[in-house]
Amino acid sequence: MSTLNEKTAFITGGGRGIGRAIALTFAGAGAAVAVAGRNREALDEVCAIIEQRGGRAVAVTCDVADAMQVYTAVSTARAALGPFDILVNNAGVTYSAKLTDTDDALWERVIQVNLNGAYYCCKAIVPDMIARGGGRIINIASMASLVGMPFSAAYSAAKHGLLGLTRSLALELQRYHITSNAICPAWVDTDMMAEAINALAAKTGRTPEEAREALLSRGGQQRAMSPEEVAIAALRLAGPDGAVTNGEAIVLH
Ligand SMILES: NC(=O)c1ccc[n+]([C@@H]2O[C@H](COP(=O)([O-])OP(=O)(O)OC[C@H]3O[C@@H](n4cnc5c(N)ncnc54)[C@H](OP(=O)(O)O)[C@@H]3O)[C@@H](O)[C@H]2O)c1
């Protein structure tokens, strides 16, 4: 597969989980990839795998909630790989707490990482896409972008906001041949899901196995997806076949 030959991609949260799978998949399809996140070691490991396979990659550290860190990371990555064609806003955090137990700092952090982070990255990278005559914005949203989620109001609010950003940019940027879409997965087997299982088990006295089953019982297929399955959906949007998909919420469940 080399559908992304001569394309450059910037992927947030690329060191582990879904972002790591997207980075490896995009690099496997021929893209030069910038992986951004807070954990340098994890990012370097992803870049090493890509380089061993003959690809091009660069690691840049940043907290996506901090605008200046994002702008610096994008500049550093651009200097190494050239301007970007593809942006994947994948970095995200969640939590589990009742509204009345949610402190304001937690609320703000969840909105900053999941929503503001995507805005900062779009702002930094869309000018590259306009200059190059096209591009792809792929936002890793959630089923929580489409329905409410008890005990995770900030997460659901941020992910609803991310979908609003996705749809607005789809309309604003279509004249530049830039598409903007969201992928909305149900449960995916990553650290985030493991944390949700542990939180549910701790709160309800269930075993981790029972908690996992309870979470999955809410979804259609009653199984967790692999990060690679999400990466394949992202690759479809990033490649030539993605040109006619714009402003969509692609539900994976
Ligand atoms: N797992 C699921 O069931 C599921 C379902 C629907 C949607 N999603 C969404 O999918 C995306 C990826 O989640 P995942 O399941 O792969 O979770 P994960 O395994 O917990 O990974 C989260 C990623 O986000 C990065 N990240 C977190 N906070 C960051 C920050 N402030 N700045 C920069 N990077 C940050 C992490 O990197 P560092 O820690 O190295 O910074 C890590 O790479 C998230 O947006 C999540 O909301 C997940």
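Whatever order the structure lists ligands and atoms in, that order sets their numbers, starting from 1. All residue numbers in this chain count up from 1 along the given sequence. These numbers come from a predicted model, not from an experiment.
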* Without swapping roles, check the side chain of Thr25 against the backbone of Ile22 for a donor-acceptor pair under 3.5 Å. => no
* Do Arg78 side-chain atoms and Phe84 backbone N/O form a donor-acceptor pair below 3.5 Å? -> no
* **Side-chain donor-acceptor pair present, Asn181, Thr245, cut-off under 3.5 Å** => no
* Asked: Distance only, no hydrogens: is a donor on one side chain within 3.5 Å (strictly under) of an acceptor on the other, for Ser226 and Asp189?
  -> no
* **Residue contacts for ligand 1, heavy atom to ligand atom, distance under 4.0 Å** => Gly13, Arg16, Gly17, Ile18, Gly37, Arg38, Asn39, Cys62, Asp63, Val64, Asn90, Ala91, Gly92, Val93, Arg109, Val113, Ile140, Ala141, Ser142, Tyr155, Lys159, Pro185, Ala186, Trp187, Val188, Thr190, Asp191, Met192
* Charged N-O contact under 4.0 Å between Asp44 and Arg40 -> yes
* Structure fact -> Shortest non-hydrogen pair, Ala214 vs Leu200, comes out as CB-CD2, 4.2 Å
